[in-house]
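Here is the structure we will look at.
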Amino acid sequence: MTAVDVDVAVVGAGPIGLAAAIEARLAGWSVVVIEPRSFPIDKACGEGLMPGAVDALARLGVHPPGAPIAGFRYTDATRSAEHRFAGGSGLGVRRTALHDALAARADHLGVQRVDARVSDVAQHPDGVTVGDVRASWLFACDGLHSTVRRLVGLERPPIARVDRRRFGLRKHYVIAPWTDMVEVHWAADAEAYVTPLDGGLVGVAVLGPPRTDFDEVLTRVPELRARLRQADAVEGLRGAGPLRQRSSARSAGRVLLLGDASGYVDALTGEGIRVGLAHARAAVEAIGGRGVRQAAAYDRDWSRVSRDFRVITSGLLAAAQSPLRPLIVPAARAMPSLFGAAVERLAR
């Protein structure tokens with residue numbers, strides 16, 4: 001393979017990797033994305049883009065097709081609470097459609113691709129070498145189980161007990177969306193997230209502990225089970241996890257961790273894409289500075305753009321894994337202004 005010399009190498013061509021590549025090209029940097037998987041890349045996720053994520057993608061010139069999302073509805077067996085976004089709309093987008101839109105924009109801007117799996121990272125005073133790629137900076141966007149995070153010594157062991165780990169499962173069903181809200185159905189130890197999608201589909205994602213059975217969870221959510229009874233699943237079950245991941249820092253020399261690779265709490269609030277897009281913007285702004293403004297500043301910017309997501313998600317996750325779990329929906333219904341404020345804070 002011919003050696004590639006660029007300003008920025010991006011490891012991982014998921015949505016955040018492609019968004020980071022687009023950000024870097026728009027800033028005038030030469031960019032290569034390193035990814036062994038064929039396009040489009042799919043992943044088990046809720047597939048709901050919040051209004052802030054839709055706006056961030058539009059700023060990059062990316063406009064994926066999807067179904068409008070007006071807000072959130074939390075529900076259990078006896079009651080529900082909902083909040084409609086105060087301004088703007090979210091979008092329910094199949095992961096593959098989002099990936100296609102990002103890849104097309106990256107191609108249009110001249111982002112190069114290298115089909116390779118990363119097994120080593122060598123840092124130098126003025127750059128990074130990854131296989132046959134030499135770059136001034138490396139953005140690690142290789143997901144929850146980031147190889148780069150481990151190779152550069154930023155991996156932190158999990159602190160949660162094994163029985164507190166959480167996993168995600170997803171299926172698509174052929175049925176016209178019955179609502180313009182993301183529905184979150186709370187069962188005893190798991191949640192089912194329903195997202196309206198384009199093309200007469202809905203996505204159903206289940207989050208729960210190890211060995212969670214997707215179909216068994218649906219049997220404990222009568223409202224959802226009844227709606228899906230006559231609907232066909234269009235592909236097999238896809239899973240991801242464990243979701244909770246930690247890093248000791250977000251940068252090491254000229255390597256910056258973005259998105260899930262930089263650490264992740266949980267998918268409870270559906271904010272992974274929005275926060276990852278903010279990481280991409282912060283990373284490109286950081287490398288455009290001088291001296292301390294660069295990698296060291298990225299850690300501070302990462303904390304700033306991630307703070308609300310991490311605080312709110314951590315609090316909700318702690319309640320969801322405690323005896324308070326049955327009170328979450330009643331509390332949201334009893335305090336609609338607080339519930340709405342939390343949704344709005346995360347959505348932007």
Side-chain angles (χ1 to χ4, degrees), residues 1-25 29-45 47 62 64 93-123 127-155 167-168 170 235-243 245 247 252-264 272-273 276-277 279-280 283-284:
M1 181 186 297
T2 303
V4 178
D5 286 277
V6 289
D7 296 314
V8 178
V10 178
V11 177
I16 305 311
L18 291 174
I22 293 167
E23 286 274 12
R25 283 296 296 137
W29 306 107
S30 57
V31 184
V32 64
V33 172
I34 305 170
E35 173 60 62
R37 295 170 292 180
S38 59
F39 285 20
I41 297 171
D42 202 359
K43 176 189 173 183
C45 66
E47 299 181 311
V62 178
V93 181
R94 284 198 68 167
R95 185 68 169 224
T96 49
L98 175 60
H99 194 268
D100 280 340
L102 284 159
R105 179 62 169 154
D107 289 344
H108 176 75
L109 292 173
V111 173
Q112 301 177 65
R113 296 188 200 171
V114 169
D115 181 3
R117 190 175 301 278
V118 171
S119 59
D120 63 281
V121 175
Q123 294 211 54
V128 184
T129 300
V130 185
D132 292 307
V133 175
R134 294 190 295 268
S136 297
W137 295 91
L138 187 150
F139 292 170
C141 305
D142 50 341
L144 289 172
H145 308 293
S146 169
T147 297
V148 176
R149 183 177 67 216
R150 174 177 53 80
L151 289 173
V152 299
L154 296 180
E155 184 89 14
F167 293 78
R170 189 208 67 197
E235 81 269 309
L237 187 67
R238 185 176 289 271
L243 300 177
Q245 301 292 327
S247 60
R254 288 177 169 266
V255 176
L256 309 183
L257 307 184
L258 284 64
D260 295 354
S262 66
Y264 193 69
I273 295 291
L277 293 172
H279 294 168
V284 171

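Just so we're clear, the structure is a prediction, and the values are computed from it rather than from any experiment. What's counted below: heavy atoms across the whole structure, side chains too, no hydrogens, waters or symmetry copies.
- Taking every heavy atom of both residues into account, Pro40 and Asp100 meet most closely at CB-OD1, 3.4 Å.
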- Message: Under the criterion side-chain contact (heavy atoms from CB on, under 4.5 Å), I'd like the reasoning laid out for Val130 against Val148: C-alpha separation, chi angles, the key distance, then a yes or no.
- Response: CA-CA 10 Å; Val130 185; Val148 176; over 6 Å; no
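- Taking every heavy atom of both residues into account, Ala97 and Val93 meet most closely at CB-CG1, 4.0 Å.
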Residues 101-108 side chain polar contacts: donor-acceptor under 3.5 Å, at least two apart:
unit_1	atom_1	unit_2	atom_2	d
Arg105	NE	Leu60	O	2.8
Asp107	OD1	Arg113	NH2	3.2
Asp107	OD2	Arg113	NH2	2.9

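- Closest approach of Tyr264 to Leu243, counting heavy atoms only: CD2-O, 3.2 Å.
- When all heavy atoms of Val4 and Gln112 are compared, the closest pair comes out as CG1-OE1, 3.9 Å.
- Residue pairs meeting the salt bridge (Lys or Arg N to Asp or Glu O under 4.0 Å) criterion with at least one member in residues 4-24, sequence neighbours excluded, are Asp5-Arg134, Glu23-Arg59.
- With contacts defined as side-chain heavy-atom distances shorter than 4.5 Å, the pair Val8/Ser136 does not qualify.
- At least one donor-acceptor pair under 3.5 Å links the side chain of His99 to the backbone N or O of Ala13.
- Put simply, CG on Leu138 and CD on Gln123 are 8.0 Å apart, with the number rounded to the nearest 0.5 Å.
- Between the CG atom in Leu151 and the CG atom in Asp120 there is a gap of 7.5 Å [rounded to 0.5 Å].
- Legend: residues meeting side chain to side chain donor-acceptor pair (under 3.5 Å) with Arg95, ordered by chain and number and at least two apart, are absent.
- By the side-chain contact (heavy atoms from CB on, under 4.5 Å) test, Ala135 pairs with Val6, Ala9, sequence neighbours left out.
- Legend: residues meeting side-chain contact (heavy atoms from CB on, under 4.5 Å) with Ala240, ordered by chain and number and at least two apart, are Ala44.
- For Arg25 (side chain) and Trp29 (main-chain N/O), a donor-acceptor pair under 3.5 Å exists by modelled atom type.
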- Item | Verdict with reasoning, Ile34 to Val133, per side-chain contact (heavy atoms from CB on, under 4.5 Å) | CA-CA 9 Å; Ile34 305 170; Val133 175; 4.0 Å; yes
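- Within the structure, every pair that satisfies the salt bridge (Lys or Arg N to Asp or Glu O under 4.0 Å) test and touches residues 35-44, not counting sequence neighbours, is listed here: Glu35-Arg37, Asp42-Arg170, Asp42-Arg238, Lys43-Asp260.
- Not counting sequence neighbours, the partners of Glu155 by the side chain to side chain donor-acceptor pair (under 3.5 Å) test are Arg149.
- Put simply, CG on Leu109 and CG on Leu18 are 11.5 Å apart, with the number rounded to the nearest 0.5 Å.
- Taken to the nearest 0.5 Å, the CG atom of Leu258 stands 10.0 Å off from the CG atom of Leu277.
- For Ser247, the side chain to side chain donor-acceptor pair (under 3.5 Å) test picks out Arg250, with sequence neighbours left out.
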- Task: Start with the C-alpha distance between Val284 and Phe139, add both sets of side-chain angles, then the distance that settles side-chain contact (heavy atoms from CB on, under 4.5 Å), and finish with yes or no.
- Result: CA-CA 9 Å; Val284 171; Phe139 292 170; 3.9 Å; yes
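- Not counting sequence neighbours, Thr96 has no partner by the side chain to side chain donor-acceptor pair (under 3.5 Å) test.
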- Message: Let's go through Arg150 and His145 carefully: what are the C-alpha distance in whole Å and the side-chain angles of both, what is the deciding distance for side-chain contact (heavy atoms from CB on, under 4.5 Å) to 0.1 Å, and is it a yes or a no?
- Response: CA-CA 9 Å; Arg150 174 177 53 80; His145 308 293; over 6 Å; no
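- Residues satisfying the side-chain contact (heavy atoms from CB on, under 4.5 Å) criterion with Ala261, sequence neighbours excluded, are Asp142, Ser146.
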